Amino acid sequence: MCIILHIFQSIFREAVLVYTQSWIYIMNNAMPDMNMVYVYKQLEKLGLSDFYKKVTALEKYWFEDGRFSEEIEETAKYVLSSGTYGTVYNSVKNEIKKNGRIKGFWLNVFPPLERMKFTFPFLKKMPVFLPFCWVARCFFAIVTKPDKVLRKIRYVVRASREMEE
């Protein structure tokens with residue numbers, strides 16, 4: 001079950017990597033009785049069914065006798081260029097695709113409470129302190145990681161320009 005959750009998380013972030021591809025292949029072959037109707041319904045709820053179809057088509061091409069297409073080539077380039085953990089640029093680009101530039105930027109600067117609870121566990125009991133945690137997070141990032149902040153801003157600008165073309 002843990003592997004399935006990790007695969008879903010990767011698909012949700014659209015950060016499917018080479019090892020995730022092999023997990024999908026193993027999962028599909030090791031658990032042929034898995035309720036795929038339920039899985040597809042969950043993916044549809046999350047808006048990920050199309051991405052999952054691309055990933056499984058690539059998995060069938062790589063590990064079975066799947067057919068090659070331009071879409072598979074594009075998916076393969078994406079997966080192979082993502083490295084071991086995915087890339088910050090791909091993550092930024094996917095976020096802009098899903099949420100748009102303004103909302104994507106806003107969610108980056110002011111993540112929702114559920115995400116902030118990982119960094120600030122006390123927010124589980126005291127969510128009223130969320131705005132203070134946003135300020136602390138921004139201050140910490142600017143003071144300790146200014147190069148990462150600037151790099152991410154450049155990625156947002158670059159991804160936005162690419163998507164306008």
Side-chain angles (χ1 to χ4, degrees), residues 1-24 26-27 34-36 38-56 58-59 75 77-165:
M1 187 64 169
C2 190
I3 290 174
I4 296 169
L5 292 174
H6 186 74
I7 292 169
F8 266 46
Q9 179 191 23
S10 295
I11 292 170
F12 185 72
R13 292 182 300 123
E14 292 190 15
V16 174
L17 312 170
V18 175
Y19 71 89
T20 311
Q21 287 292 141
S22 49
W23 287 357
I24 291 170
I26 292 167
M27 180 186 74
M34 186 169 50
N35 185 350
M36 289 308 292
Y38 174 78
V39 171
Y40 286 129
K41 282 183 183 178
Q42 298 309 308
L43 287 167
E44 283 178 8
K45 285 180 188 177
L46 297 169
L48 299 170
S49 56
D50 289 339
F51 188 73
Y52 182 76
K53 287 175 188 171
K54 289 179 187 177
V55 169
T56 52
L58 177 60
E59 172 255 321
T75 306
K77 283 180 183 176
Y78 177 85
V79 169
L80 293 171
S81 70
S82 291
T84 305
Y85 301 106
T87 64
V88 174
Y89 177 70
N90 281 346
S91 175
V92 166
K93 194 172 176 180
N94 291 331
E95 196 162 324
I96 290 172
K97 272 186 204 174
K98 284 181 186 168
N99 300 312
R101 267 186 291 189
I102 294 169
K103 188 176 179 185
F105 174 77
W106 186 262
L107 290 172
N108 248 301
V109 176
F110 306 106
L113 177 62
E114 291 306 312
R115 233 167 78 195
M116 290 292 287
K117 286 178 186 176
F118 291 107
T119 308
F120 301 96
F122 69 87
L123 286 173
K124 293 173 186 171
K125 293 182 181 177
M126 297 177 280
V128 71
F129 289 107
L130 178 62
F132 299 103
C133 293
W134 283 332
V135 171
R137 180 179 175 273
C138 289
F139 179 77
F140 182 77
I142 290 169
V143 170
T144 62
K145 308 173 200 174
D147 53 327
K148 285 186 178 183
V149 172
L150 290 173
R151 187 177 334 123
K152 199 159 191 181
I153 290 169
R154 283 194 295 269
Y155 287 159
V156 168
V157 171
R158 183 174 135 205
S160 297
R161 285 184 184 151
E162 281 182 15
M163 296 174 105
E164 286 175 359
E165 295 174 358

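Only a predicted model underlies this, so the values are computations on that prediction, with no experimental measurement involved. All residue numbers refer to positions in the sequence shown, counting from 1.
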Q) With a 4.0 Å cut-off, would you call Glu44 and Lys41 a salt bridge? A)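 Looking at Glu44 and Lys41, the cut-off is not met.
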From [X] [atom1] over to [Y] [atom2], what is the distance, rounded to the nearest 0.5 angstrom?
X	Y	atom1	atom2	result
Leu150	Tyr155	CG	OH	12.0 Å
Cys133	Met116	SG	CE	5.0 Å
Arg115	Leu107	CZ	CG	7.0 Å

[Y] side chain reached by [X] side chain, heavy atoms, under 4.5 Å:
X	Y	value
Phe122	Lys117	no
Arg151	Lys148	yes
Pro111	Arg137	yes
Leu123	Phe129	yes

Q | Identified side-chain contact (heavy atoms from CB on, under 4.5 Å) counterpart of Lys152 within the set Asp147, Val157, Asn108 | A |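 The residue from Asp147, Val157, Asn108 that satisfies side-chain contact (heavy atoms from CB on, under 4.5 Å) with Lys152 turns out to be Asn108.
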Q: Please say whether more than 12 non-hydrogen atoms of neighbouring residues, nucleotides or ligands are located less than 6.0 Å from CZ in Phe118.
A: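 Open.
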Q | For Phe110, ring-ring contact (aromatic ring centres under 6.0 Å, His included) partners two or more places apart | A |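 Listed in chain order: Trp106, Trp134.
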Q | Listed partners of Lys54 passing side chain to side chain donor-acceptor pair (under 3.5 Å), at least two apart | A |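 Residues passing side chain to side chain donor-acceptor pair (under 3.5 Å) with Lys54: none at all.
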